[in-house]
Amino acid sequence: MTTRTDTQARSARGPRFDPADYEQRWRDRWEADGLYRADDADPRQKHYLLTMYPYPSGDLHIGHWYAATGPDMVARMRRMQGLNVMFPMGFDSFGLPAENAAIDRGIHPAIWTNANIERMRAQFRTTGCGFDWSREVVVSDPRYYRWTQWLFLQFYRAGLAYRSMAAVDWCPKDQVVLAREQVEGADRHCWRCGTPVIKRDLEQWFFRITNYADELLDFTGMDWPEPIRLMQTNWIGRSEGAEIAFAVEADEVEPIRVFTTRPDTVFGATFMVLAPEHPLVPVLTTDERRAEVEAYVAAARRETEIERLSADRQKTGVFIGSHAINPMTQERIPIWVADYVLPGYGTGAIMAVPAHDERDGTFARTYELPIRYVVRPASGELPDDQAFVAHTADEVLVDSGEFTGMPASEAIGAITQQLADLGIGGPAVSYKIRDWLVSRQRYWGAPIPIMYCPEHGAQPVPEDQLPVLLPEDVDFAPTAVSPLQSHAEFLKATCPVCGGEARRETDTMDTFVDSAWYFLRYCSPNDDARAWNPQAVAHWMPVDLYTGGAEHAVLHLMYARFFVKALRDMGHLSFDEPFVALRNQGQILGADHQRMSKSRGNVVNPDDLTSRYGSDTVRLFLMFIGPWDQGGPWNPTGIEGIHRFLGRVWHIAQAEPTNGESLLGEAQELQRALRRATHTTIAAVTEEYGAFRFNTAISKLMELSNAIAHARGAGIGATAAYGEAVDALLLLLAPGAPHIAEELWARRGRDYSIHQQPWPAYDPALAVADTLELPVQVDGKLRDRLVVTRDTPAEEIERLALASEHVQRYLDGRPPRRVIQVPGKLVNVVTPGD
RNA sequence: GGGCGAGUGGCGGAACGGCAGACGCGCCGGCCUUAGGAGCCGGUGUCGCAAGACGUGCGAGUUCGAAUCUCGCCUCGCCCACCA
């Protein structure tokens, strides 16, 4: 063995470790060599790896690094494994912040946005991420949004884009209509600024995503995180039940149609409730009730969603004077209007079954309406407290005519059938999901390519007139109307039917329309003749692996799926889903555990860190702090550890070789052990990169580097095993720390580039140890360890275990009750007990 | 209110039902140094001089064996929220 001083004498000095000496140089070289350019004609198997593009807010922060480094590591490994990887990047550059900057500071949104893009593009390069910048997509570029508009026209022609008057969520601060998905929380606030929204009636453009509700529920063959699939499923909110028509006591008035998931409780329907917005409300209101009903409806309309939902769930409503007939009991039941019934769900009207629905029950008790029990638990009587809410299985009908005694699960079908036979009902499905509202009364978005002719109404802009360009000379006063509405030049259009003067649509599209297809544009980003080249899309799509934040679970990720399905049905695409596999990264929070934002002042700027430690250290540190899908509050303590690790790698990869101090046999055993460490590390790291477990992968690289350092100290630094270990370490490290890996690879005289080398091969034969250390338990508690050769027979292991004095102490000379062996794992001796 | 997820050292976190705390930070001791805020070596769950005992939010259960599985509770986070 060498002495410590020997080791130190050799390990001291050597080339200085300073990432500033080489990081930028390599990035320039990679860029110049087009190392990450994906070629459509490359015969190797394609692999489309995509990470969500950012909004160009101004500067790259540590969260961008975190989000990008994970997939970059996978992309780099896949390239080395021989795949033809496409890993593009772009900018989601339409949207509100640019316009707000224009209002606040008088900078034109395009100038502000483009300056940000330029800055962020440069900052992205310092991350060392291997993006193919030749495929960059910028959605606010007319060369892109021209095709966003073209897609709108395709949807319009297919009947999937339509215009409708709608009460919409309106953010009074941002002065903009919001999609339902963009209104959050119990107080119904704007997802961007947090201001509570109000309702406004406006003529709006919608995409018919509801046509695809059922198909969007199908995740067959998709490798997506369970929580995301669940959120989309809940958002779509499919319910099966029945629709039932209740005749009303009024001449020539259509019946009230209701949707219910529990048609088996129809015998218990003792009143009906219409939403205030329901069209039959004015029809069925009697004259003596009219004043009160109109006041109630007007109040409900005036109230914001917040007030309507909060108010401590106090249920309010008004009797409208008319009655309906329960089709089963033939009883007259009163019709009420109440705002707890929502206009947008089901039919906007319900049959109220107060005995078995909590909300109806509350309402009935408030207004002293009759409560009739028609279901009881299969075992036992109704509970005394009269609060039995029917739920699912294991219930039996009571007081329900011919259906009495029938299990509820059976009665659902039987009663639905009878209603169908009577011609007043039948099975029905209802969804929570609504059509996607895409109109925005803002400037900085893709103009909707529609015009309005006084003669011929809404007309699509002819495709050869695209793009409808955003005018540059606009006034950005913060008003409720889009600045486009006051731009005379923009408004002027010519009707394609009659050639007369038409008025251009001034709404722009939701930015989620831009991002619903950007992954297609990456396949042929510079094709100015069409949205995408069908061959290129056929080659690259679908995306093999998509990464991004879980916050897009029901927004972007559902819209993109909808787009692909709709375009498939129009004949433009020939696959069903855009993203085969999905992984979500966690969020890096500020040190105060809050979401990073400029206003909170908790944004971590990576520049200070990179100038001090270099990009590799920052990348590796971010990937090391915990599971990638978990994120967490920013805490830079510990970055020194990563830097020290890279310093050690620097050193062991190029320090003077050390050989000869060990005895021959000892040296051979040391080499075997080092090769074992090398090959177990190759296997483990390969597996863990693929599973996005970067933190444990890096810990294993640290272990290997420690093993290499010890091997050097032990005097085998000039052996082939040592060289193999260092080469493997650099190759395995290359995805996470591309610069230092390249630099050391070059310094070791290897061929440029390390990033084009084959991924190290794992030899299982070298990874197995010939001796094992078996834990010996007594009654499940660790008491001793056995060191045995791998081929020791079980009987021998048992004999050795029982012979152990630590085991004997617990056996007290008695024979064991059992001895359990998990081959290669452990021995457990079970004592006879008392 | 409903759904989903998570609770492990001083800290970030490891651990196919099988050695709890890998790896790293921090801390303690040492070496080397004119010096060390560099580097290297060793130690570090708690209690205990030790042998050992106890330890994964709390309480039960299944099992030869539970951080891991089951049930109940507590706390935190995220999503949804009058959806008939």
Side-chain angles (χ1 to χ4, degrees), chain A residues 4-5 7-9 11-13 184-186 188 225-228 230-231 233-235 237-239 241 258-262 265 269 273 275 308-311 313-315 338-342 344-353 356-360 362-363 430-434 550-551 553-554 586-587 593 621 624-627 630 632-633 635-642 644-645 647-648 651 693 695-703 705-706 709 713 773-785 809 816-822 824-831 833:
Chain A
R4 241 181 296 165
T5 42
T7 314
Q8 275 147 16
S11 61
R13 290 174 297 275
E184 297 178 337
R188 307 274 80 202
E226 179 64 27
I228 302 290
L230 208 93
M231 272 190 255
T233 303
N234 291 341
W235 188 262
R238 180 189 159 98
S239 300
V258 303
F259 173 75
T260 176
T261 53
R262 294 300 302 267
T265 63
V273 185
R308 195 157 156 179
L309 289 181
S310 63
R313 306 210 161 177
Q314 197 81 17
K315 294 216 172 4
D339 63 8
Y340 80 91
V341 173
L342 305 174
Y345 184 76
T347 61
I350 61 159
M351 65 173 198
V353 184
H356 306 300
D357 181 281
E358 214 176 338
R359 298 152 300 182
D360 297 345
T362 309
F363 193 79
S430 197
Y431 301 88
K432 291 184 195 176
I433 192 173
R434 314 293 158 80
E551 66 272 18
V554 289
Q587 212 167 51
H593 294 232
F621 175 62
F624 183 65
I625 53 180
Q630 188 178 298
N635 178 0
T637 62
I639 194 167
E640 290 283 354
I642 292 290
R644 278 202 280 269
F645 162 60
R648 251 185 331 267
H651 181 242
R693 288 195 300 263
N695 57 330
T696 50
I698 293 165
S699 80
K700 276 161 187 138
L701 293 177
M702 289 172 169
E703 286 179 280
S705 85
N706 290 340
E773 194 187 64
L774 288 180
V776 179
Q777 298 181 332
V778 176
D779 293 334
K781 288 202 171 73
L782 177 73
R783 297 303 179 191
D784 201 0
R785 292 161 200 282
R809 204 174 41 213
R817 190 150 63 104
R818 278 174 78 183
V819 178
I820 291 159
Q821 282 199 43
V822 183
K825 273 281 176 165
L826 60 43
V827 185
N828 188 19
V829 177
V830 185
T831 61

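Everything quoted here is computed from the prediction, not taken from an experiment. We name chains A, B, ... by the order of the sequence lines, and we start the count at 1 in each one.
Nucleotides B/C58 and B/U75 have their C1' atoms positioned 10 Å apart, rounded to a whole Å. Distance noted for atom C1' between B/C27 and B/G45: 14 Å (whole Å). The P atoms of B/A38 and B/U44 are separated by 22 Å, rounded to the nearest whole Å. Rounded to whole Å, the P atom of B/U62 lies 15 Å from the corresponding atom of B/U70. Taking atom P on both nucleotides, B/U34 is separated from B/G43 by 28 Å, rounded to a whole Å. To the nearest whole angstrom, the two P atoms, one in B/G18 and one in B/A67, are 10 Å apart. Rounded to whole Å, the P atom of B/G21 lies 13 Å from the corresponding atom of B/A15. Taking the C1' atom of each, B/G10 and B/C16 are spaced 31 Å apart, rounded to whole Å.
Remark: side-chain polar atoms of A/R434 are paired, donor with acceptor, to backbone N or O of A/K432 under 3.5 angstrom.
In terms of position along RNA chain B, the nucleotide closest to A/R818 lies nearer the 5' end than the nucleotide closest to the other residue of the pair A/R818 and A/M351.
When distances run from any side-chain atom of A/W235 to the nucleotides B/A84, B/A81, B/G24, the shortest one goes to B/A81. Ranking B/G24, B/C82, B/A22 by closeness to the A/N706 side chain, first place goes to B/G24. With distances taken from any side-chain atom of A/R644 to the nucleotides B/C19, B/G39, B/A22, the minimum falls on B/G39. Between B/A22, B/C64, B/C79, one nucleotide has an atom nearer to the side chain of A/V830 than all others, and that is B/C64.
Remark: A/R783 is not in phosphate contact with B/C19, judged by side-chain N or O atoms under 4.0 Å from OP1 or OP2.
Atoms CD1 and CD1, from A/I642 and A/I639 in turn, are 8.0 Å apart once rounded to the nearest 0.5 Å.
When side chains are defined from C-beta on, A/I820 does not count as touching A/Q777, because their heavy atoms never get closer than 4.5 Å. With a 4.5 Å cut-off on side-chain heavy atoms, A/R817 and A/D779 do not count as touching. Looking at heavy atoms from C-beta onward, A/N828 lies out of side-chain contact with A/V819 at the 4.5 angstrom threshold. Taking 4.5 Å as the limit, every side-chain heavy atom of A/V353 sits out of range of all side-chain heavy atoms of A/R262. You'll find the side chain of A/R783 stays beyond 4.5 Å of the side chain of A/V776, heavy atoms only.
Taking atom CG of residue A/L774 and atom P of nucleotide B/G65, one finds them 20 Å apart after rounding to whole Å. One can place NZ of A/K432 at 6 Å from P of B/A84, the figure rounded to the nearest angstrom. Atom CE of A/M702 and atom C1' of B/G24 are 5 Å apart (whole Å). Summarising the geometry, the separation between CG on A/L342 and P on B/A81 is reported as 11 Å, rounded to the nearest angstrom. Between A/D779 atom CG and B/A66 atom P there is a gap of 10 Å when expressed in whole angstrom units. Spacing between atom OH of A/Y345 and atom C1' of B/A81 amounts to 14 Å, rounded to whole angstrom units. Here the P atom of nucleotide B/A51 and the CZ atom of A/R809 are 10 Å apart, to the nearest Å. A straight line from CD1 of A/I698 to P of B/A22 spans 17 Å, rounded to a whole angstrom.
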Test A/V778 against A/R809 for side chain to side chain contact (heavy atoms under 4.5 Å, CB included), laying out the working first.
-> CA-CA 10 Å; A/V778 176; A/R809 204 174 41 213; over 6 Å; no

For side chain to side chain contact (heavy atoms under 4.5 Å, CB included), just list the numbers for A/Q630 and A/I625, CA-CA rounded to whole Å, side-chain angles, deciding distance to a tenth of an Å, and then say yes or no.
-> CA-CA 10 Å; A/Q630 188 178 298; A/I625 53 180; over 6 Å; no

Would you check, one step at a time, whether the test side chain to side chain contact (heavy atoms under 4.5 Å, CB included) holds for A/D360 with A/I350?
-> CA-CA 10 Å; A/D360 297 345; A/I350 61 159; 3.4 Å; yes

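Base orientation for B/G52: anti, the chi torsion being more than 90° from 0.
Within the 4.0 angstrom heavy-atom criterion, only backbone atoms of the sugar-phosphate kind lie near A/S239; the bases stay farther away. Looking at heavy-atom distances under 4.0 Å, A/R238 makes no contact with the nucleic acid at all.
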In B/S/- notation, 5' to 3', how is nucleotides 4-18 of chain B contacted by protein heavy atoms closer than 4.0 Å?
-> S-------BSS-B-B

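The strand RNA chain B forms stems, runs of 3 or more Watson-Crick or G-U wobble pairs with distances below 3.5 Å, at B:1-7 with B:74-80, B:10-12 with B:23-25, B:26-31 with B:39-44, B:45-47 with B:52-54, B:57-61 with B:69-73.
Ring orientation note: the planes of A/Y340 and A/F363 are tilted relative to one another, at an angle of 30° to 60°.
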